[in-house]
There are 2 protein chains.
Amino acid sequence: MRPQKTLDKDVLVGLTEIFQSKGYEAASLQDLATATGLKKASLYHRFPGGKKQMAEAVLEHLAKWVGENVFQVLRNSEHSPEIRLKNAMVQIKVLYNDGKNTCIFRALSMETGINLFRLQIEKGMKEWLKAFETIGEELELDSKTAKSYAYQSMIDIQGSLILTTALNNPQIFDEALQRITSRYLR
Amino acid sequence: MRPQKTLDKDVLVGLTEIFQSKGYEAASLQDLATATGLKKASLYHRFPGGKKQMAEAVLEHLAKWVGENVFQVLRNSEHSPEIRLKNAMVQIKVLYNDGKNTCIFRALSMETGINLFRLQIEKGMKEWLKAFETIGEELELDSKTAKSYAYQSMIDIQGSLILTTALNNPQIFDEALQRITSRYLR
DNA sequence: GTCTATAGCTAGATAGAC
DNA sequence: GTCTATCTAGCTATAGAC
């Protein structure tokens, strides 16, 4: 059937890299082919829906990674909420490569992207908010505060990623993650 | 010499609209022509440096607007620092159209844009930080706190603009501006 | 200073050999 | 399943009439 399941993952990694760094419209099929090591026609064989389907696959792939490596960590009942929060922060650092990667929601939410992927982006963002809200409640915050902290956490992540890029200073991202943790644990 | 100085501003408004919403690479000359009401060749007459020069003009135009309508307001010695901060926040709401516009730094800081405009973006971001830092000091914050609040303010603005787009909810931007003000004035 | 027309190239996408 | 070759449409940019 499919001779190389391993390659499937490598292809997704290449696609992710391009869409994350360039956004949707600016990512050319040539860029995507080079990054994956496949020729354009081969990409179309795997993704008959073209560039749009490739971006959707990237969104799914990252949603799966975040589900397993962030949300799952936040829910892991073997540890206290404090430990779970800290562990999740480590994973978030990995996800964004210490602040050197941009968020896929940001990359795909310029004009054309937001029109194509509005539902996925909105759904994904709400899952992040819900995950932070839940850990907040488990840390004994009242529900209004838990909601507010969840929004502030996502704003800190997204905003610090922008500043990190603009000022070429990953320390900003690091400090933002620290601030999020401190807010919950003080 | 130049028969229509008024039009110059309209052209900049059109260019700004496109680069803000689509970013650099995804903004086509056709988009820019349509938005300005000029034909492509006419745009090249005004901007012999092509698309790059058009984006630079947008960055300068917005830097000028921000200088006059945000930074100047923050420095206006006729009012108390508290009033100046509140007035500046109103202007920031105007700049980002109540959260419905994206920031030009964000729009131009994806892959190709950041390579072309790194200096302008970094300079602009530092000016914003400096302006917030100064008003913080005038509000009697110690210099370390003033610096920290400046970063948090910019992170709140940038992050809340991302969430506002992703969730299609301008209230998030409004609340972020409110949070910035409250942090300084509590 | 603005336009029409067009050059030269790259875009996304497809056909068909292997 | 991957490739070379190719289609059409769109891209940035320029030439030259008015």
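All values below were derived from every heavy atom in this structure, side-chain atoms included, with hydrogens, water molecules and symmetry-related copies excluded. Chain letters run A, B, ... following the sequence lines, proteins first, then strands; residues in each count from 1.
Atom CG in A:L15 sits about 13 Å away from atom P in C:dG12, given to the nearest Å. Atom P of nucleotide D:dT12 and atom CD of A:E25 are separated by 11 Å, given to the nearest angstrom. The nearest whole Å value for the distance from the CG atom in A:D8 to the C1' atom in D:dG1 is 11 Å. Nucleotide C:dG8 holds its C1' atom 15 Å from the CG atom of B:L29, rounded to whole Å. For the pair B:D10 CG and C:dT2 P, the interatomic distance rounds to 12 Å; values are reported in whole Å. One atom, CZ of B:R46, and another, P of D:dT14, lie 18 Å apart when rounded to the nearest Å. A straight line from CD of B:Q30 to C1' of C:dT4 spans 13 Å, rounded to a whole angstrom. D:dT12 atom P lies 12 Å from atom CD1 of B:I18, rounded to whole Å.
Between D:dT2, C:dC3, C:dA11, one nucleotide has an atom nearer to the side chain of A:L38 than all others, and that is D:dT2. Among C:dA13, D:dC3, D:dA13, the nucleotide with an atom closest to any side-chain atom of A:K40 is C:dA13. Out of D:dT14, C:dC3, C:dA13, the shortest distance to the side chain of A:Y44 is found at C:dA13. The side chain of A:S28 has C:dG12 as its nearest neighbour among C:dC3, D:dT4, C:dG12. Checking D:dT4, C:dC3, C:dG12 against the side-chain heavy atoms of B:A41 singles out C:dC3 as nearest. Minimum atom distance to the side chain of A:K39 is reached by D:dT4, of the listed D:dT4, D:dT2, D:dT12.
Cation-pi geometry between B:K51 and B:Y24 is met: under 6.0 angstrom from the ring centre, within 45 degrees of the axis.
For B:S42 and C:dG1, the shortest distance from a side-chain N or O to OP1 or OP2 is not below 4.0 Å. Between D:dG1 and A:H45, a contact under 4.0 Å exists linking OP1 or OP2 to a side-chain N or O.
Contacts classified as salt bridge (Lys or Arg N to Asp or Glu O under 4.0 Å) and involving residues 77-91 of chain A (residues at least two apart or in different chains) are given here: A:R84-A:E138.
Remark: A:G50, A:K51 in residues 50-58 of chain A come within less than 4.0 Å of DNA chain C through at least one heavy atom.
For the 3.5 Å distance criterion, the side chains of B:S28 and B:D31 qualify, holding a donor opposite an acceptor. For the residue pair B:Q158 and B:R106, no side-chain donor N or O sits within less than 3.5 Å of a side-chain acceptor on the partner.
Ion pairing of B:E60 with B:K64 is absent here, as no side-chain N (NZ or NE/NH1/NH2) approaches a carboxylate O to less than 4.0 Å.
Using modelled atom types, one side-chain atom of B:D142 and one backbone atom of B:K144 make a donor-acceptor pair closer than 3.5 Å. Side-chain N or O atoms of B:S153 include none that pairs as donor or acceptor with a backbone N or O of B:I180 at under 3.5 Å.
At a threshold of 4.0 angstrom between heavy atoms, the contacts of B:A33 with the nucleic acid are absent.
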